[in-house]
Amino acid sequence: MEIPKTYDPKQAEESHYARWESAGCFKPETNRDASAPVYSIAIPPPNVTGSLHMGHALQHTIMDVLARYKRMQGFRTLWLPGFDHAGISTQIMVERQLKKEQGLTRHDLGREKFVERVWEWNRQYGGEIRMQMRREGASVDWSRERFTLDEKLTRAVREFFVRCYEEGLIYHGDGMINWCPKDQTALSDLEVEKESQAGKLYYLQYPLKGDGGRRVTVATTRPETMLGDTAVAVNPDDERYGDLLGATLELPLMGREIPVVADEFVDPAFGTGAVKVTPAHDPNDYAMGQRHNLPQVKVIDPHARMTTEAGAEFEGLDRYAARELVVQKFEELGLLEKVVDYEFSITKCGRCRTVIEPLISTQWFLKQAELGRAPLELMRERREPRFVPETPYEKVYINWLENLHDWTLSRQLWWGHRIPAWYDEEGRVYVARTEEEARRQAGTDKLTQDPDVLDTWFSSALWPISTLGWPDETEDLKTFYPTSVLVTARDIIFLWVSRMMMTGVKFRGERAFDDVYITGTIFDKHGQRMSKTKQNGIDPLDVFDKYGVDATRLVLASVGSTDTRWNDNQVESYRNFANKIWNAARFCLMNSEGANAATGIGWAHDKDLSLADRWIRSRFFKTTRAVSQAIENYQFYEAVQTLYHFFWDDFCDWYIELTKAEVTLAEDTPARRGARSRLLTVLEQSLRLLHPFMPYITEELWLRLPGVGAEMLHDAYRGAEPTIMLTSYPRFSEKFDYKKIDEQAESDVQALIELISRVRNIRSELGIKPGEAVSLLISAPEEQSRALFETQTAQIARLTRASDTSVGAQLSVPRASARAALGNGAEVAVPLEGLIDFAQERARLGKEQDKLRGEAERLEKQLSNPQFVERAPEEKVSELRQRVADIAQRIVAIEQMLEALAE
RNA sequence: GCCCGCUUAGCUCAGUGGUAGAGCACUCGCUUCACACGCGAGGGGUCAGAAGUUCAAGUCUUCUAGCGGGCACCA
């Protein structure tokens with residue numbers, strides 16, 4: 001079989017996904033075992049706009065590793081894909097495109113045509129993301145793909161809305177909301193961002209009515225809002241203002257009379273201790289206004305321009321122009337006390353970065369605090385869901401649920417779920433699942449539907465249940481809910497995670513997911529957040545092209561839940577690992593004549609197994625156990641490291657090398673066939689272990705192995721096409737497989753490795769050319785190690801490039817030898833007559849002895865501490881004693897070697 | 001203001017009480033019949049600092065410094 005020397009990831013990436021997909025490998029129905037346990041994940045639906053970034057690739061890798069792992073274990077596995085309509089951001093992008101290409105606004109087009117255009121956009125970009133996900137190898141069930149605006153999901157949204165309305169959780173009314181003057185819509189508290197900014201604090205003086213010239217000074221960052229002031233508030237305990245309570249001030253520029261009120265909210269230590277109150281344009285002032293029954297004077301309109309109520313001089317002015325004019329007028333009137341530099345935080349629209357204008361507006365609201373109560377109890381009583389990592393996310397989640405505010409649901413947009421509310425000609429509202437139902441309620445068909453749409457996150461909140469068919473009691477819903485894990489980024493714990501828990505608990509009576517895995521953030525190499533505006537993002541597709549999907553997945557799995565700076569070196573090293581796998585398989589395949597991956601080692605017939613076989617089997621099962629535990633505990637870095645070192649160090653560096661002589665025998669003997677088959681079996685099993693992380697290369701190689709076939713599939717997938725993804729994942733059972741862990745074989749091979757390494761060290765340090773053969777004299781006074789070395793002389797000779805190797809209890813060693821002390825009193829000598837520099841060799845041994853003495857000193861100090869001997873566990877103490885004895889023995893051995901070298 | 005996280009080899013990061021690790025980078029030697037995306041051998045860390053608990057601390061506690069994050073407030 002011709003196999004290229006270097007692995008080409010593209011070839012494998014193009015070969016397998018379509019086959020897996022068309023064979024139905026991703027569908028849970030492929031699992032024929034009716035009693036199979038269930039594993040399910042609902043993907044965080046990406047926005048259709050734009051393309052996938054590294055954060056998506058990270059989440060998808062984690063989910064795919066879990067899905068493939070569970071699938072191979074025989075779980076009925078569903079990873080459900082889908083997309084989010086992402087109301088505001090999608091609408092903004094299409095509007096931008098419309099402006100750029102045709103110079104039109106959405107209003108020029110009209111609602112219907114505009115929405116049709118957004119659908120068109122979705123069809124175009126959705127395809128791109130599907131392509132990217134296929135490239136990633138994501139084993140999602142495309143037949144169950146969902147979109148938040150699908151008819152069925154829309155039904156779920158209406159059901160959610162109507163039920164909450166009927167229960168009084170949703171209401172229609174006035175409230176102080178975040179308004180984006182550019183996007184012309186209300187926003188929830190979670191869709192706005194605080195930003196700190198350098199600005200000014202203006203000290204304005206308001207004259208007291210009637211009293212000869214007395215003034216009260218208020219401090220403000222927004223002088224233009226004074227036009228809407230309807231009071232000044234002071235703290236009731238503030239003695240400076242005690243006599244002013246109930247007094248009346250004359251509001252400059254407006255001439256309006258406003259009262260001085262007392263309110264606990266006011267902090268006497270801040271500013272002047274007197275606060276101007278603008279109930280119509282500030283959330284805190286709004287609340288104060290309600291407490292004191294103050295009028296609300298709206299002076300700023302939805303375009304952030306001043307209204308008629310702001311007065312003729314200001315009407316129509318932009319808020320910032322009005323600010324300058326107000327300040328100028330105060331200065332002219334001598335009422336501007338001072339202006340100081342001041343850093344404050346400003347609220348901006350999360351999408352367009354426009355400064356938010358708090359406005360009183362009629363909107364739909366959800367009493368989130370009531371919906372949040374059940375999830376909070378679930379967390380407190382049963383600690384569900386389980387957050388990974390637990391800190392800090394569990395606390396973050398709890399804190400959020402404890403402080404819930406009403407959620408502004410309505411958006412003045414066109415792209416999204418239309419609010420299921422209709423108004424009759426008198427303005428009475430009817431909330432219903434359908435227009436017909438609303439008509440029946442109203443007793444008329446002259447109804448107008450509310451023009452607004454719902455916050456995108458309202459439909460997202462239903463994702464785990466709506467995608468499975470809710471409100472219908474579908475088989476999928478019964479089978480796959482609650483989902484097993486949610487894998488997502490930390491910035492949407494409030495926006496999304498908590499809300500899915502609310503709807504899940506409300507409508508299904510239980511958690512939406514068992515676990516919540518929060519991924520880390522990937523920064524650029526300077527530690528900066530990747531962003532489009534900074535143009536410092538790394539496109540996953542570019543990395544796939546450069547290093548291959550499998551290598552990239554290993555990096556992403558290793559990143560897991562830690563924040564990391566992106567580093568190409570890391571990908572390169574895993575690319576090299578993929579190549580290592582490729583070449584190890586290449587070696588096995590080049591030597592596979594007469595062999596079979598299916599029957600080889602059998603893992604059982606001990607009498608046929610060499611020391612190396614027993615050793616690799618033991619290493620393999622320890623690896624299997626460690627990797628499974630790591631995946632179960634979401635310790636992906638640990639899993640990857642374990643696999644990497646097992647494959648590279650144990651399998652390639654030692655097993656292949658130790659068995660090479662037998663595997664490459666010229667004659668086709670039973671011994672050669674057996675060795676080859678065992679080698680193939682280890683490879684085949686290793687590929688299975690690697691498959692969840694590296695789906696492409698493992699499939700590519702697995703299919704080439706002689707002897708693989710449909711009979712190797714997991715019982716649950718009987719009858720399916722042969723593919724590694726449906727084989728059973730190797731497992732280690734403490735009860736049945738404990739005999740496969742062979743500590744004797746492990747310590748024997750460890751001794752062998754030490755011997756070989758010491759000889760190689762001698763060769764290297766003494767500058768003996770690689771081509772130059774040496775002789776080895778191995779003295780092993782203990783029977784057992786002597787037997788070990790005797791049976792392994794061929795391997796020892798091969799790996800140290802020795803021409804002859806003698807083993808004995810106590811061999812006499814020529815003075816001109818380089819020597820090394822080994823365990824169990826053994827030692828190895830390399831006679832080097834004429835090649836050895838005595839001084840250099842003494843120095844080498846001296847260095848080794850110093851190292852050992854340092855360690856012995858430390859250990860003896862510890863052992864001589866009676867407290868340690870008394871209080872430390874006995875096994876610790878005896879372990880230490882044994883080590884000290886071993887080191888002492890080696891020190892003595894080296895001492896003798898040095899004496900023999902003495903002039 | 002409250003809460004939280006991080007600080008380990010030049011770089012990116014593992015390591016939740018018992019001999020300080022990996023990859024990359026670095027040094028030396030190798031066209032050794034799977035692989036130079038490789039093989040072999042090396043060098044490199046007072047685990048941010050201080051105090052404490054413990055027989056034993058990178059690991060637990062407290063404090064300090066630097067960096068980062070979340071929440072509240074910001075008139």
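A note on names: the letters A, B, ... follow the listed sequences, proteins ahead of strands, and every chain is numbered from 1.
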S.K.: How many Å lie between CZ on A:Arg801 and P on B:rG40, as a whole number?
M.R.: 12 Å
S.K.: So for A:Arg575 and B:rC37, does any side-chain atom that can act as donor or acceptor lie under 3.5 Å from a complementary atom in the base?
M.R.: yes
S.K.: So which nucleotide does B:rG66 pair with, by the Watson-Crick or G-U wobble rule with both distances under 3.5 Å?
M.R.: B:rC6
S.K.: Between B:rG21 and B:rG58, how many Å separate the two P atoms, rounded to a whole number?
M.R.: 13 Å
S.K.: Mind checking who B:rA56 pairs with, Watson-Crick or G-U wobble, both distances under 3.5 Å?
M.R.: none
S.K.: Identify whether the distance between the nearest side-chain nitrogen and carboxylate oxygen of A:Glu700 and A:Arg704 falls below 4.0 Å.
M.R.: yes
S.K.: Which parts of nucleotides 12-24 of chain B does protein reach within less than 4.0 Å, heavy atoms only, written one letter per nucleotide 5' to 3' as B for base, S for sugar-phosphate only and - for none?
M.R.: SSS---BB--SSS
S.K.: Can you tell me, in whole Å, how much space there is between the P of B:rG38 and that of B:rC24?
M.R.: 7 Å
S.K.: Using a strict threshold of under 4.0 Å (side-chain N to carboxylate O), is an ion pair present between A:Arg844 and A:Glu765?
M.R.: no
S.K.: Please report the distance, rounded to the nearest Å, between CG in A:Leu589 and P in B:rA34.
M.R.: 13 Å
S.K.: With a non-hydrogen cut-off below 4.0 angstrom, is A:Asn284 in contact with a base, only sugar-phosphate, or nothing?
M.R.: sugar-phosphate
S.K.: Taking B:rA41 as the reference, what is the distance to B:rG23 when you measure between their P atoms (whole Å, please)?
M.R.: 13 Å
S.K.: Taking all atoms of both residues into account, what is the closest heavy-atom pair of A:Glu841 and A:Arg819, and its distance?
M.R.: OE2-N, 3.2 Å
S.K.: Expressed as a whole number of angstroms, how long is the span from A:Ile518:CD1 to B:rC4:P?
M.R.: 19 Å
S.K.: Taking 4.0 Å as the cut-off, does a side-chain nitrogen or oxygen of A:Lys580 come that near to OP1 or OP2 on B:rC37?
M.R.: no
S.K.: Taking A:Asn536 for the side chain and A:Asp524 for the main chain, is one N or O donor matched with an acceptor at less than 3.5 Å?
M.R.: no
S.K.: If you measure from the P atom in B:rU7 to the same atom in B:rG44, how many Å do you get, rounded?
M.R.: 24 Å
S.K.: Counting any heavy atom closer than 4.0 Å, what does A:Cys588 reach on the DNA or RNA strands: base, sugar-phosphate only, or nothing?
M.R.: nothing
S.K.: Check this for me, if you would: do A:Glu264 and A:Arg291 make a salt bridge, where the nitrogen-to-carboxylate-oxygen distance has to be below 4.0 angstrom?
M.R.: no
S.K.: What does B:rA25 pair with, Watson-Crick or G-U, if both distances are under 3.5 Å?
M.R.: none
S.K.: So what's B:rC33 paired with, Watson-Crick or G-U wobble, going by both distances under 3.5 Å?
M.R.: none
S.K.: Without decimals, in angstroms, what is the distance between A:Phe587 CZ and B:rU32 P?
M.R.: 16 Å
S.K.: Taking only the C1' atom of each, what is the distance from B:rA9 to B:rA72 in whole angstrom?
M.R.: 41 Å
S.K.: What does A:Glu657 touch in the nucleic acid at a heavy-atom separation under 4.0 angstrom: a base, only the sugar-phosphate, or nothing?
M.R.: base
S.K.: Students often get this wrong, so: under 4.0 angstrom with heavy atoms, is A:Val266 touching a base, only sugar-phosphate, or nothing?
M.R.: base
S.K.: Report yes or no: is the cationic atom of A:Lys660 (NZ for Lys, CZ for Arg) closer than 6.0 Å to the six-membered ring centre of A:Phe587, at no more than 45° off its axis?
M.R.: yes
S.K.: How many Å lie between NZ on A:Lys660 and C1' on B:rA34, as a whole number?
M.R.: 6 Å
S.K.: Which whole-number value in Å describes the distance from A:Asn399 CG to B:rC2 C1'?
M.R.: 10 Å
S.K.: B:rC74 P sits how many Å from A:Tyr342 OH, rounded?
M.R.: 9 Å
S.K.: Please report the distance separating the C1' of B:rU32 from the corresponding atom of B:rA22, rounded so that it comes out in whole Å.
M.R.: 27 Å
S.K.: At a heavy-atom distance below 4.0 Å, what parts of residues 224-231 of chain A sit against RNA chain B?
M.R.: none
S.K.: Tell me, with the steps shown, if A:Tyr397 and A:Ile518 meet side chain to side chain contact (heavy atoms under 4.5 Å, CB included).
M.R.: CA-CA 12 Å; A:Tyr397 173 80; A:Ile518 303 291; over 6 Å; no
S.K.: Could you identify the nucleotide paired to B:rC71, looking across every strand shown and requiring Watson-Crick or G-U wobble geometry with both distances under 3.5 Å?
M.R.: B:rG1
S.K.: Hey, is the side chain of A:Asn761 poking within less than 4.0 Å of OP1 or OP2 on B:rG42, counting only N and O atoms?
M.R.: yes
S.K.: Starting from C1' on B:rC4, measure out to CD on A:Glu390 and report it in whole angstrom.
M.R.: 14 Å
S.K.: Quick check: on RNA chain B, is the nucleotide nearest A:Arg758 upstream (toward 5') of the one nearest A:Thr221, or the reverse? Name the residue that is more 5'.
M.R.: A:Arg758
S.K.: Please determine if A:Asp282 and A:Arg222 form a salt bridge, counting it only when a charged side-chain N lies under 4.0 Å from a carboxylate O.
M.R.: no
S.K.: In terms of the nearest nucleotide of RNA chain B, which residue is placed more toward the 5' end: A:Thr391 or A:Ala233?
M.R.: A:Thr391
S.K.: Heavy atoms only: give me the nearest A:Val627-A:Ala639 pair and the separation to one decimal.
M.R.: CG2-O, 4.0 Å
S.K.: How long is the straight-line distance from OH of A:Tyr644 back to CZ of A:Phe693, given to the nearest 0.5 Å?
M.R.: 15.0 Å
S.K.: Quantified in whole Å, what is the C1' atom distance between nucleotide B:rC67 and nucleotide B:rG29?
M.R.: 43 Å
S.K.: May I ask which nucleotide in the shown strands pairs with B:rG44, Watson-Crick or G-U wobble, both distances under 3.5 Å?
M.R.: none
S.K.: Without hydrogens or angle criteria, can the side chains of A:Ser188 and A:Glu191 be said to hold a donor-acceptor pair below 3.5 Å?
M.R.: yes
S.K.: Does A:Ser196 reach a base, just sugar-phosphate, or nothing at all? Heavy atoms under 4.0 Å.
M.R.: nothing
S.K.: Tell me if a side-chain donor or acceptor on A:Arg575 pairs with a main-chain N or O of A:Gly548 at a distance below 3.5 Å.
M.R.: no
S.K.: Rounding to the closest angstrom, what is the interatomic distance between B:rG69 and B:rG17 at atom P?
M.R.: 31 Å
